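Bear in mind that the values here come from a model prediction, so they are computed numbers and not experimental data.
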Amino acid sequence: MNKVLKASLELAALAHGEGKLSEAVNHYKSVLRSVEGRQLSQTDSALLAVAHNNLGFILQGRKNTSEAVRSYQAAVELNPSYSEAHHNIGHILHEVGDLKGATLSYEKVVQIAPKSIDSLNTLGSALLSYGDLPRANTIFRQALQLDPHSPKALNNVGSVLLALGEVNEATAYFKAAIRLNPNYENALINLGDAFRDLKKLGKAYKCFVEALAIEPDSIRAHNSLGNLLRYEKRYKEALESFNAINSLMADSNRSRSPENDEYWFNAEAQALECLFLLDRHEELINQLKAFAHEKPDDRRISALSCFATDQLGTSNPYNFCPKPLEFIHVSSLAEHISEPHSFIKSLIDDGLQEPAIWEPRHGVTNSGFLSANSMLFASDSYRKLEQILRKEIEIYYKKFRNTECKFIELWPPNYKLKGWLNRLRINGYQRSHIHPAGWLSGIVYLNVKQFADKDSGVIEFSLRGYDFPEPKKVNRNKVYHPKIGDIILFPSSTFHATKPFNEEYDRISLAFDLIPCVKS
């Protein structure tokens, strides 16, 4: 490489290091343009790979995802052994939801450095998210073999065993991690979660309290404790745990994005639900009024408000989507493509190639498999399905756009779709739930039929879910008998459940959420 190019690379690196990112980008791009079409030595290729990688890092920080990926890919084309660039590709694909692509990139890092414990742990975590639990188990055990006395490695093996349903074996690994590091808060919480799965609630409680003694500001420990207390109907104490989370979140100004674990705790909504379960109705209504101004788009708060005010016979002060059952929309793949049957077959065939977990720990799916929420990245057929769904979502919005509620008024201009495959077997069902991270949710039915019992296998929409009390009034609901190729769209704040069926059959559907893009 000539001296001019070397000097330009040095200038780019200097500007990058000083935080002059626009200047650095210009230098990197100038260097890379100047060598286009040239024959490069191995040394020059390695240097230019670093330039592509550094440029990608800046672009990623600017949320220019597609261009960043292209830069990282150019880096590994120039230097296939460049582990940092492979890692960066995996990281950015993981961020955008392409878990399959992320695991493939992380696997290349491990191939380059098979004894890197950090790389093995990163791959194992990605496989865990992707739902490939057997492979995650293998990878985490490889890391443990390299460092048998690592509390983190022991905790990771325990985590994947817990996801596999091997709860007793998981507890042994968590205990081993805690013996090596008695202050290992994360392992204590995991051990508590395992004890809860085993119905050893006293031991679970002790673990969560010990975790909080180590780290009083642990949001995860407060959440696990709160959910345990709520399960035991100790609603007043549970309310204290959820309020503790809300105080910590407010004090730390943490982002309430679905990308952050804390989002999924839904502590504000859970605190309100505890007020309702404690019959503190006046306090609940006052807080709903306050949230209507401070946080008008919380889907779980909306779900509670709809049920509570319906049962109390009062007006609903939380105007996100006060009448969710009126926003259910039914369409069909046949409205978008001329040969839906062959398309549906390809969706089933491709979908069944992806990893899936039997009866995930969240407890919604019973006697069935659930994939990771990255199914729309699985194949060309699923990418085509995403385009169909985006068109149907446009139709949905136009249908309801004149409705006066925050669900429509605050409709997200930019969004991404996340989809996952549900495969229910005999006696399979899904308990009533909502999708609090979504704005609009939907289902595409790939393999369904009319069962002998006409109420079997149907989807039921209602206002009631979770541990809400039995309705004092008639529970408002709508039941739909799906057909192959149907597309159903509904607000993500709508409780919905699949009724069980007692025939040998694979009932297959693709569920998805419209996730608003959070402004950075």
Side-chain angles (χ1 to χ4, degrees), residues 90-110 120-143 155-167 169-170 173 190 193-194 197 258-259 261 264 347-379 381-383 385-386 416-425 428-431 433 435 437-438 441 443-444 446-447 498 506-513 515:
H91 180 74
I92 201 167
L93 292 177
H94 203 157
E95 274 192 338
V96 301
D98 185 356
L99 302 181
K100 184 177 185 177
T103 59
L104 292 173
S105 291
Y106 291 142
E107 281 176 350
K108 288 174 183 173
V109 177
V110 169
L120 286 165
N121 284 332
T122 299
L123 173 58
S125 297
L127 289 164
L128 190 58
S129 297
Y130 183 39
D132 194 344
L133 302 186
R135 177 83 172 124
N137 190 22
T138 299
I139 294 298
F140 280 141
R141 287 180 185 274
Q142 286 179 19
N155 183 61
N156 284 342
V157 174
S159 296
V160 75
L161 288 170
L162 189 61
L164 283 164
E166 304 290 341
V167 186
E169 192 178 354
Y173 280 90
N190 287 340
D193 288 340
D197 285 3
E259 307 303 325
D261 290 342
W264 296 93
L347 292 172
I348 293 173
D349 291 344
D350 294 345
L352 294 181
Q353 297 299 312
E354 296 296 297
I357 299 175
W358 175 259
E359 294 188 338
R361 287 186 63 246
H362 55 55
V364 171
T365 302
N366 295 268
S367 292
F369 293 93
L370 195 71
S371 80
N373 63 5
S374 57
M375 189 59 70
L376 294 174
F377 290 94
S379 68
S381 293
Y382 277 96
R383 282 183 278 274
L385 177 62
E386 176 170 358
K416 56 186 174 182
L417 296 181
K418 290 191 174 184
W420 56 97
L421 205 68
N422 294 301
R423 179 158 63 104
L424 298 179
R425 312 299 300 276
Y429 67 96
Q430 290 192 308
R431 65 175 172 79
H433 64 287
H435 299 176
S441 296
I443 305 167
V444 183
L446 305 179
N447 197 51
T498 302
D506 272 11
R507 183 187 185 278
I508 303 173
S509 61
L510 184 284
F512 62 93
D513 282 339
I515 309 286

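Note that NE2 of His94 and OG of Ser105 are 12.0 Å apart. Values are rounded to the nearest 0.5 Å. Atom CG of residue Asp98 and atom CZ of residue Phe377 lie 5.0 Å apart, to the nearest 0.5 angstrom. To the nearest 0.5 Å, the span separating CD1 on Ile515 from CG on Asn373 amounts to 8.0 Å. To the nearest 0.5 Å, atom CG of residue Leu446 and atom CG of residue Asn422 are 10.0 Å apart. In this structure, CD1 on Ile348 lies 8.5 Å from CG on Leu421, to the nearest 0.5 angstrom.
Thr498 has its side chain within reach of Arg507: a pair of non-hydrogen atoms, C-beta onward, lies under 4.5 Å apart. Val167 has its side chain within reach of Leu162: a pair of non-hydrogen atoms, C-beta onward, lies under 4.5 Å apart. You'll find the side chain of Leu510 reaches within 4.5 Å of the side chain of Met375, heavy atoms only. Between Ile139 and Tyr106, every side-chain heavy-atom pair lies at or beyond the 4.5 Å cut-off. Counting heavy atoms from C-beta outward, Leu424 and Asp506 have side chains that stay 4.5 Å or more apart. Contact annotation: the side chain of Leu104 approaches that of Glu107 to within less than 4.5 Å [non-hydrogen atoms, C-beta and beyond]. Two residues are said to be in side-chain contact when any heavy atoms from C-beta on lie closer than 4.5 Å; Phe140 and Leu120 fail this criterion. Between Val444 and Phe512, the closest side-chain pair of non-hydrogen atoms falls below 4.5 Å.
Scanning all heavy atoms of the two residues, the minimum distance from Ser374 to Gly97 falls at CB-O, 2.9 Å. Nearest heavy atoms, Glu169 versus Arg141: OE2-NH2, 3.3 Å. Counting all heavy atoms, side chain and backbone alike, Ser441 lies closest to Asp513 at OG-OD1, 2.6 Å. Scanning both residues, Glu386 and Leu376, for their nearest heavy atoms gives OE1-CB, 4.0 Å. The two residues Trp420 and Ser371 come nearest to each other via the heavy atoms CA-OG, 3.5 Å. Closest non-hydrogen pair, Ala102 versus Gly90, comes out as CB-O, 3.4 Å.
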### Task
Quick one: do Leu133 and Leu128 satisfy side-chain contact (heavy atoms from CB on, under 4.5 Å)? Show the steps, please.
CA-CA 6 Å; Leu133 302 186; Leu128 190 58; 3.4 Å; yes

### Message
side-chain contact (heavy atoms from CB on, under 4.5 Å) for Asp132 and Thr103? Distances and angles first, verdict last.
### Response
CA-CA 10 Å; Asp132 194 344; Thr103 59; over 6 Å; no

### Task
Apply side-chain contact (heavy atoms from CB on, under 4.5 Å) to Asp197 and Arg361, showing your working.
CA-CA 9 Å; Asp197 285 3; Arg361 287 186 63 246; 2.7 Å; yes

### Stepwise side-chain contact (heavy atoms from CB on, under 4.5 Å) check, Arg425 with Trp358
CA-CA 10 Å; Arg425 312 299 300 276; Trp358 175 259; 3.8 Å; yes

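Applying the salt bridge (charged side-chain N to carboxylate O under 4.0 Å, His left out) test to Lys108 and every residue at least two apart in sequence or in another chain returns nothing.
With Thr365 as the partner, the side-chain hydrogen bond (donor to acceptor under 3.5 Å, both in side chains) test is satisfied by one option alone out of Arg423, His433, Gln430, Glu359: Gln430.
No donor-acceptor distance shorter than 3.5 angstrom exists from the side chain of Asn137 to the backbone of Val160, with no hydrogens or angles considered. Using a distance-only test at 3.5 Å, with no hydrogens or angles considered, a donor-acceptor pair links the side chain of Asn366 to the main chain of Val364.
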